[in-house]
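Bear in mind the structure is a predicted one, so any value in this text is a computation, not a measurement. In what follows, chains carry the letters A, B, and so on, assigned in the order in which the sequence lines appear, proteins first and then strands, with residues in each chain numbered from 1.
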Amino acid sequence: MAVTAEQVADAMYDLVKEYQGKKKLKAMDLTHMMVERYGAEGCDKKMCKAAIRSLIDSDRCVYTYFGGSYIELPHAEGAAGGG
Amino acid sequence: MSETNGKGSATPMLDELEKGEWPSFVTQIKEMAAEKEQCQQLLELLERSYREKIGHWKHGGIVGVHGYGGGVIGRYNDLPEEFPAIAHFHTLRVNMPSGWFYTSDVLRKICDIWDEHGSGLTNMHGSTGDIILLGTTTDELEPTFKALTENDFDLGGSGSDVRTPSACVGPARCEWACYDTLDLCNDLTQTFQDELHRPAFPYKFKFKCSGCPNDCVASIARSDMSIIGTWRDDIRIDQDAVREYAENGVNIERDICGNCPTKCMEWDGHDLEIDNGNCVKCMHCINAMPKALRPGVDTGATILLGAKAPIVQGAQLSSVIVPFMKLEPPYDEIKDLAERIWDFWSENGKNRERVGEIMQRVGMGNFLEAIGVDPIPEMIAYPRENPYVFYEEYYEEEDEEAEQEEEEGAAVP
Amino acid sequence: MDTQRRTDIGPPDFRRFLPPIIKENYGKWKYHEILKPGVMVHVAESGDKLFTVRAGSPRLLGTKRIRKYAELADKYCGGHLRFTSRHNVEFLLTDEKNIDPIIADLAELGHPVGGIGPAISSIVHTQGWVHCHSAATDASGVVKAVMDDLHEYFDGTTKIPGKLRIALACCLNMCGAVHCSDISILGVHRRPPRVQQGLAKVCEIPNVIAACPTAAIRPASVEGTPSVEIDESLCMFCANCFSVCPALPMADALNDGVSLWVGGKVSNARHEPMFSKLAVPFIENDPPRWTEVVQNVRKIVEVWVDGARPHERMGEFIERIGWPKFFKLTGIEFQKEHIDDYRYAGLTFHRSAWVRH
């Protein structure tokens, strides 16, 4: 199945949205899930990397850090207090 | 909040730390407090920590500059109403030039940027080696970043990414540098900018470049990939200079030969003889008599893997993966090795698992197979002592018969 | 958006900042000598000489002080300077006559010169209460108190047998390389994490459970909402759970403090690199001067200064005299906490009949 990086980014975004608040996903989790879905030939690591970059650069997702780095939907910082 | 009662100091405990011989960090904060309300409030918050014996900072996990997943450490205090000027007090990690060399002009430029956009407080440098710009608000992060990049500086790593690589002073000012630590450090940093700014690993990955086995950047204790300079040929000796050390009171027999870990040297009162085939390149004799002894000329590095502090599964020192590697631009061999390791680790690592930990979890033998490196005795202190071996295959009786037939068949063509 | 935005440029090339004498002799240094405490000369194959003056610093520096360093570099070094991996600042001189004047100027600024060769160098350390969310003790304050006491070994007033490297980390995360130092000062927690209300809103429970190396965290329901409970008997206070979940705070004024570790090294000289080993399990936080920490560090340093052979590092010295004698000489009480009880603890037991009487 041939997919484009933008399609992968959209699929990743849906996953992040689905898991938000339930499980924090790492870049490598998203990559594994995409390779599983589309097969390693249709969607390699390079494409996943491009997709993640597009998600972040377009502000659809942000990197977060809590003892490890994750990719999440943008949200208010808990520690900031009062949001 | 402060206990000044109109007179006296608001920070009596910290004032105590302005006394004494060693330069005081309190004096540094006070110097800046004259102009920066942030620094005054930091002093008072710190005084409160000293009184209460507890910290008042909270971790922020979201703030950063656009597009990057590292380089900014979010900090908020837990008493924002009392200390509003430092309610947000984030840190920027700025990637230092290799070897921490500066000109006065570039230092002043960094100071200008930080006076304009932040607290004016820094660490020169943080533990990993970055220039640490200590304390600013969320709104100032992008403007600081813009000013830094306009002056050719960029952020360093944080989070699950390649951390800012660091190097000892190397060939810039050390006769023992067995490869160009500064150039390699700079090259790795530039090559892996994406891996440094966009966290994609299970956890952090550190490179540290030491030019010789003295390991001045503590790479063997602190880096996932420790690159320690060494040589394969003979130690260079100037026998006249050895005799000069002896004449000047160095006890060569006791303090040089006696400290050699492999006892590979002998001193007959006139010449120092070294059995180079048995020298492990520990550096002791060279350190002790730098005018007389020097590393050889066939130089490169030993590559070791896996050092880390205790979190999560316990502290480790790096262990040998490549006993000797030539290190010359474009450094393809070491970059290729790093990328093979990252591939396996990213595929199989657990969240917060360092390379040193996955090596232990899957077994060093399996790890070597996965990254395509052959096992060699230089990798171990000694072979296993326990007989619980995980063999992966065994034969059934039919296999043996088939094999026998094959052998018999082979015997009678 | 902003078309001018530059990213992924990396640090400026270090070659831009090297002084001419280094550019000319790059990779062609022949030998060096320590001329006096904190001052060394590197001699190149060409005969060129580069003098280095190393000064201690508090690591936490305001821009005003950095500008002073820049002024000194302009005055004496053609505008060049560098920092070391242990937070020292180094001025690079080509004219030997400038050594004493720059030392005098540094003294006026309050910066001692030293830390080269057989000496105590600056203490590598972390942020502590100044800026860290997980600190079990302060960092800069303890370092200041210890160095005020030990400066005689930094500036060469008192000669010592070899190098002595001290490091401080304000918790087990160890942002400083304390686990392989001659003496390490390590902040420790001693109270299990408190489970805060509404934990599940901030943290993912499976992630929290997986974070614990001893499986002390279990899922639990608190007042009908999902949360976790801690088996306190299994907690060894690593704070890994707090790193992944801020709703499990560990810091506690009554129970946090400092431990001291000895005998680690990273250099390969003579002896292979070694981990530091536990010397003093716990000392209460005692700001502003942490008197008991300072006293214990001094005692350990003095025992080593008196007993070590030339070049011998702390770990080599203790290995030679044996741990029982180390505890006897330092007067540190040996307790059950000194005996490892984590993984492979048995490897640290004394497995021979070699005993000194």
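- For a residue to count as touching a neighbouring chain, one of its non-hydrogen atoms must lie under 4.5 Å from one of that chain's; by this rule B/K19 touches chain C with backbone and side chain alike.
- Annotation: side chain of B/D115 is in contact with side chain of C/R67 (closest heavy-atom distance under 4.5 Å).
- Of the listed residues C/T52, C/L109, C/L81, C/T84, the one with more heavy-atom pairs under 4.5 angstrom with chain B than any other is C/L81.
- Both the backbone and the side chain of B/L317 come within contact range of chain C, with heavy atoms under 4.5 Å apart.
- Residue with the most contacts toward chain B among C/A136, C/P310, C/A169, C/P213: C/P310 (heavy-atom pairs, distance under 4.5 Å).
- The greatest number of non-hydrogen atom pairs below 4.5 Å with chain B, out of C/G56, C/G117, C/A210, C/A73, is found for C/G56.
- Heavy atoms closer than 4.5 Å to chain C are found in the side chain of B/R352, but not in its backbone.
- Both the backbone and the side chain of B/H59 come within contact range of chain C, with heavy atoms under 4.5 Å apart.
- C/H32 is listed as a side-chain neighbour of B/E175, based on a closest heavy-atom distance under 4.5 Å.
- Heavy-atom distances place both the backbone and the side chain of B/D255 under 4.5 Å from chain C.
- The aromatic ring centroids of B/H125 and C/F83 lie less than 6.0 Å from each other.
- Interface remark: B/D112 contributes backbone and side-chain atoms alike to the contact with chain C (heavy atom separation under 4.5 Å).
- If you look at C/W129 and B/H56, their ring centroids are not closer than 6.0 Å.
- No donor-acceptor contact under 3.5 angstrom links the side chains of B/N259 and C/E312, judged on distance only.
- Heavy atoms closer than 4.5 Å to chain C are found in the side chain of B/N186, but not in its backbone.
- Between chain C and the options B/M96, B/R198, B/E150, the largest number of non-hydrogen pairs under 4.5 Å is found for B/R198.
- Note: C/F17 and B/F153 have parallel aromatic rings, judged against thresholds of 30 and 60 degrees for the angle between ring planes.
- Interface remark: B/C260 contributes no atoms to any contact with chain C (heavy atom separation under 4.5 Å).
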Working note: B/D215 + C/S267, criterion side chain to side chain donor-acceptor pair (under 3.5 Å); need CA distance, chi angles, decisive distance, verdict. CA-CA 5 Å; B/D215 199 359; C/S267 142; over 6 Å; no
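- If you look at B/W100 and C/F14, their ring centroids are not closer than 6.0 Å.
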Go through the steps to decide whether B/R75 and C/H131 satisfy the test side chain to side chain contact (heavy atoms under 4.5 Å, CB included), and finish with yes or no. CA-CA 8 Å; B/R75 283 289 176 271; C/H131 209 240; 3.4 Å; yes
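- Heavy-atom distances place both the backbone and the side chain of B/A172 under 4.5 Å from chain C.
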The test is side chain to side chain contact (heavy atoms under 4.5 Å, CB included); show your working for C/R5 and B/V65 and say whether it passes. CA-CA 11 Å; C/R5 198 165 184 275; B/V65 301; 4.0 Å; yes
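- Neither the backbone nor the side chain of B/L155 comes within contact range of chain C; no heavy atoms are under 4.5 Å apart.
- Neither the backbone nor the side chain of B/V94 comes within less than 4.5 Å of any heavy atom of chain C.
- For the options C/V130, C/T137, C/N285, C/D286, heavy-atom pairs under 4.5 Å to chain B are most numerous at C/V130.
- Contact of B/R173 with chain C is made through backbone and side chain together, with heavy-atom distances under 4.5 Å.
- Looking at B/D183, both its backbone and its side chain come within 4.5 Å of chain C, counting heavy atoms on both sides.
- With a threshold of 4.5 angstrom between heavy atoms, B/E47 does not approach chain C through any atom at all.
- Residues B/H284 and C/H271 form no side-chain contact, since every pair of their non-hydrogen atoms from C-beta on lies 4.5 Å or further apart.
- Counting heavy atoms from C-beta outward, C/Y69 and B/Y102 have side chains that stay 4.5 Å or more apart.
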